Amino acid sequence: MEECGNGTCFAMCPEKERWMREREGLLHVFEMDEKTKNSRKPKADPSKIIKCFNRPAAGQLMADPSQLRPAPTLLLTTRYLLTKIVTRRDRDWAFIYDFIFDRLRAIRQDIIIQRIGVIQSIEILLPIVRFHVYASQRLCERNISEFDKKINNQHLLECLQRLLVLYEELDRLLYQKDRDVNTSMDMLSVTEDRQQMEAIYILLHLGNITVLNRVLSLPKRYRSRDIDLALKISISWHLKNYVRTCRLIQELSPLLACAVLCNMPKIRRHALAIMSSGYNSKMLTFPGIKLQEILLYNDINNIRADCGLFGLTFTNENVQFQKASFNEQQVLANSEMYFSIPVLQDFLPRILFECT
Amino acid sequence: MDSYIMQLRRIWLNQDGDTLADLLSLRHSHISISQLGSEAAITKAMEHLPSPFDDLVLYHMKTVHAAAKGDPCTAYEYQSSAVQSLTKILQLQKEENWMLPVMNRMCLELRLLAVRAENSKAGKNPKPGEVLEKCTECLMGCFRVCAADNRSSEDDTKRWGMLALVNQLLKVYFRINKLHLCKPLIRAIESSALKDQFSLAQQITYKFFVGRKAMFDGDYKAADEYLTYAFERCHKRSTKNKRLILTYLVPAKMLLGYMPKSTVLEKYELTEFWELAEAVRKGDLRSLEKVMSKHETFFVGAGIYLIVEKLKPIAYRNLFKKVYLALNTHQIPVESLLTALIMHGVEDVDMDETECLVANLIYDGKIKGYISHQHKKLVISKQNPFPRLSSLT
């Protein structure tokens with residue numbers, strides 16, 4: 001496919017949109033000029049305002065070059081959002097997330113409309129995927145009115161699948177061209193990033209047979225430490241070995257841990273169901289502190305909450321497992337953060353850009 | 001050359017499906033006619049053959065020509081166009097199904113060409129499965145025409161062609177690892193009134209794939225049923241197919257608690273499973289792990305690596321049963337189970353994980369009893385603490 005008319009907007013936001021949003025009072029706090037912030041009609045700071053997401057409507061011309069930002073501008077905008085905004089401490093992070101989520105979505109839309117090339121698309125999408133993975137952990141305890149896991153996950157998978165397809169396309173491009181020294185240097189870091197993305201894909205689909213079979217049949221040279229570890233974790237879960245699964249999770253790098261932790265409510269639910277059979281007794285109890293260690297609970301109070309959810313008794317910091325009382329209808333345990341907020345804050349923005 | 005076209009014309013008018021299938025096959029003697037792809041031949045075909053049949057023949061001739069030149073990708077493209085013109089013809093033919101043999105042959109050869117095209121691109125094309133995926137779209141076109149033909153009488157309905165197409169599609173979906181697409185096809189066959197009347201060969205192929213699908217869904221009982229049907233009815237002399245069926249039937253049976261006999265496995269050269277069965281029977285995790293890595297390529301290639309992985313819990317059960325028999329007590333120290341696991345080569349295992357393995361076995365009904373975490377004991381039922389696996393539902 002040919003590239004359709006490249007954008008001519010070299011600012012993060014097209015002028016037309018800026019005027020319109022100033023006029024209509026649709027500026028986000030992060031986009032306002034500091035001096036006019038408290039006035040009745042705040043002005044936009046041209047270096048801060050960013051094109052927001054608009055659902056394509058019938059009859060609307062999407063391909064107006066003056067409204068589209070070319071690849072370098074998109075990359076710059078992504079970097080601005082994921083370094084300057086993501087690290088702000090003056091606002092609640094859910095608020096920050098909402099702003100970034102929307103502006104990144106507009107960036108993805110610009111990529112698609114302009115059919116931006118493979119390498120540049122990869123460069124932009126990569127930190128976006130990481131952002132959604134990170135957010136899935138950082139906001140997992142939030143109420144649905146503040147953070148919708150499902151929507152985040154849906155966008156995460158959309159970006160990740162697109163990215164993995166782009167890597168395949170890149171492979172094909174490189175086969176056609178003769179590789180010179182420069183590209184093979186570039187390739188080195190691309191491969192590392194790609195393996196991280198493949199590992200994330202495995203970890204998001206924990207225990208999924210189709211995904212596992214695909215990875216197992218990949219040639220050995222595509223395997224890396226990350227992928228091998230992700231594979232081990234997923235296979236452990238395939239056998240519902242919750243002890244090993246949770247033990248291995250602790251060996252993952254922070255970003256990969258964030259990815260697999262999305263499955264924690266599912267892991268805990270199944271583990272508690274299995275334990276309700278295995279430790280089934282009217283007299284005996286299981287120490288909460290042990291359960292905390294095995295299933296990676298941060299706060300023993302959350303064990304109490306989960307026990308309540310599944311109809312198990314929790315007294316004197318001990319769980320009484322009883323097969324008959326386990327509530328099978330409940331398919332997920334509560335969400336709990338694994339990393340503390342200061343630790344997560346410290347990861348920023350490095351975790352979004354470096355492959356560690 | 002001329003006689004080939006005249007023959008086509010006559011057979012078309014006679015509505016002789018089987019002969020026509022031969023004349024449009026890529027494995028029939030006519031493909032050695034050297035001028036088949038020439039301008040003259042094409043003009044001739046256009047002159048003598050009625051529309052829309054001429055389109056079909058035209059594409060067929062081009063396919064033969066490309067295949068003869070050793071260009072499987074182009075040959076695939078032409079064959080795909082040929083099948084598309086066939087789809088149009090089938091759609092026009094109301095209340096008749098004499099073309100079904102032609103459809104079966106052409107669709108089969110379409111898939112084989114797709115496989116060849118795929119292989120010829122191997123290494124050069126990092127997007128494996130692309131051609132095969134396109135091939136399924138083409139097959140689906142035929143399938144839709146057949147499945148929608150529910151007005152014709154039972155003798156004339158094109159629904160008789162459904163199962164052959166479904167089998168082709170299942171083959172491709174399994175090859176490109178898109179198992180979720182199988183479901184609607186299986187539903188279409190299961191709800192069909194002709195379900196048990198299709199030819200035996202087609203039913204065997206179908207049951208083979210449905211059995212494998214059930215296996216991936218974790219329904220080993222159903223898998224056993226379908227695969228056993230396929231194995232028992234498969235022709236005695238098609239050893240290759242019988243072996244293929246066993247590749248899935250044996251692990252399904254093992255998961256249900258039926259261990260294979262060495263004679264069967266030797267007969268079909270499937271001794272990998274014998275090593276596996278021995279390790280599972282003895283509860284020898286170390287040799288189980290060894291067999292799995294030794295034959296990893298085979299298991300992964302057959303898509304049963306994860307199924308084989310599921311044999312581990314059975315091996316744990318057998319090992320724990322041995323510990324029970326040795327200690328002869330109903331209160332087995334978890335410590336002893338752990339020692340047994342370590343002795344049999346399980347790596348980095350501790351008390352917590354041992355309890356987890358036991359809890360899973362209890363959950364699955366493979367051990368009757370409960371764990372006392374405080375006393376570090378597995379307390380097992382006085383009656384039948386290790387029920388026969390084959391007795392579990």
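All figures in this text were calculated on a predicted structure; none of them were measured in a lab.
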Give a yes or no on this: more than 12 heavy atoms of other residues, nucleotides or ligands lie within 6.0 Å of atom CZ of A/Arg223. yes
Is atom OH of B/Tyr370 surrounded by more than 12 heavy atoms (other residues, nucleotides or ligands) closer than 6.0 Å? no
Using a 4.5 Å cut-off on heavy atoms from C-beta on, say whether the side chain of B/Lys376 contacts that of B/Glu335. no
Specify which of A/Leu212, A/Asn241, A/Ile235 makes the most heavy-atom pairs with chain B at under 4.5 Å. A/Asn241
Determine whether more than 12 heavy atoms belonging to other residues, nucleotides or ligands lie under 6.0 Å from atom NE2 of B/His375. no
Between B/Phe320 and B/Phe386, does the ring centre distance come in under 6.0 Å? no
Near A/Asn316 CG, under 6.0 Å, is it more than 12 heavy atoms from other residues, nucleotides or ligands? no
Is atom NZ of A/Lys323 surrounded by more than 12 heavy atoms (other residues, nucleotides or ligands) closer than 6.0 Å? no
Do B/Tyr173 and B/His180 make the cut of ring centroids closer than 6.0 angstrom? no
Does A/Gln329 have more than 12 heavy atoms from other residues, nucleotides or ligands lying within 6.0 Å of its CD? no
What option among B/Leu361, B/Asp348, B/Val358 has the most heavy-atom pairs under 4.5 Å with chain A? B/Asp348
With the side chain counted from C-beta on, respond yes when B/Phe299 and B/Ile307 share a heavy-atom pair under 4.5 Å apart, and no when they do not. no
Taking the inter-plane angle between the rings of A/His270 and A/Trp237 on a 0 to 90° scale, is it parallel (under 30°), tilted (30 to 60°) or perpendicular (over 60°)? perpendicular
Among B/Val300, B/Leu357, B/Asp364, B/Asn177, single out the residue with the greatest number of heavy-atom pairs under 4.5 Å to chain A. B/Asn177
A side-chain contact here means heavy atoms from C-beta on lying under 4.5 Å apart; do B/Leu132 and B/Thr136 qualify? no
Hey, which residues of residues 224-232 of chain A are touching chain B, say heavy atoms under 4.5 Å apart? none
Which members of residues 279-310 of chain A, sorted by number, sit under 4.5 angstrom from chain B on a heavy-atom basis? A/Tyr279, A/Asn280, A/Leu284, A/Thr285, A/Phe286, A/Pro287, A/Lys290, A/Glu293, A/Ile294
Where does B/Phe216 contact chain A at under 4.5 Å (heavy atoms): side chain, backbone, both or neither? both
Heavy-atom count around B/Lys322 NZ within 6.0 Å, excluding the residue itself: above 12? yes
Between B/Asp352, B/Leu378, B/Asp350, B/Val379, which shows the greatest number of heavy-atom pairs under 4.5 Å with chain A? B/Asp352
Can you tell which part of B/Glu355 gets under 4.5 Å to a heavy atom of chain A, answering side chain, backbone, both or neither? both
With a 4.5 Å cut-off on heavy-atom pairs, point out which of B/Glu309, B/Lys178, B/Lys312 contacts chain A the most. B/Glu309
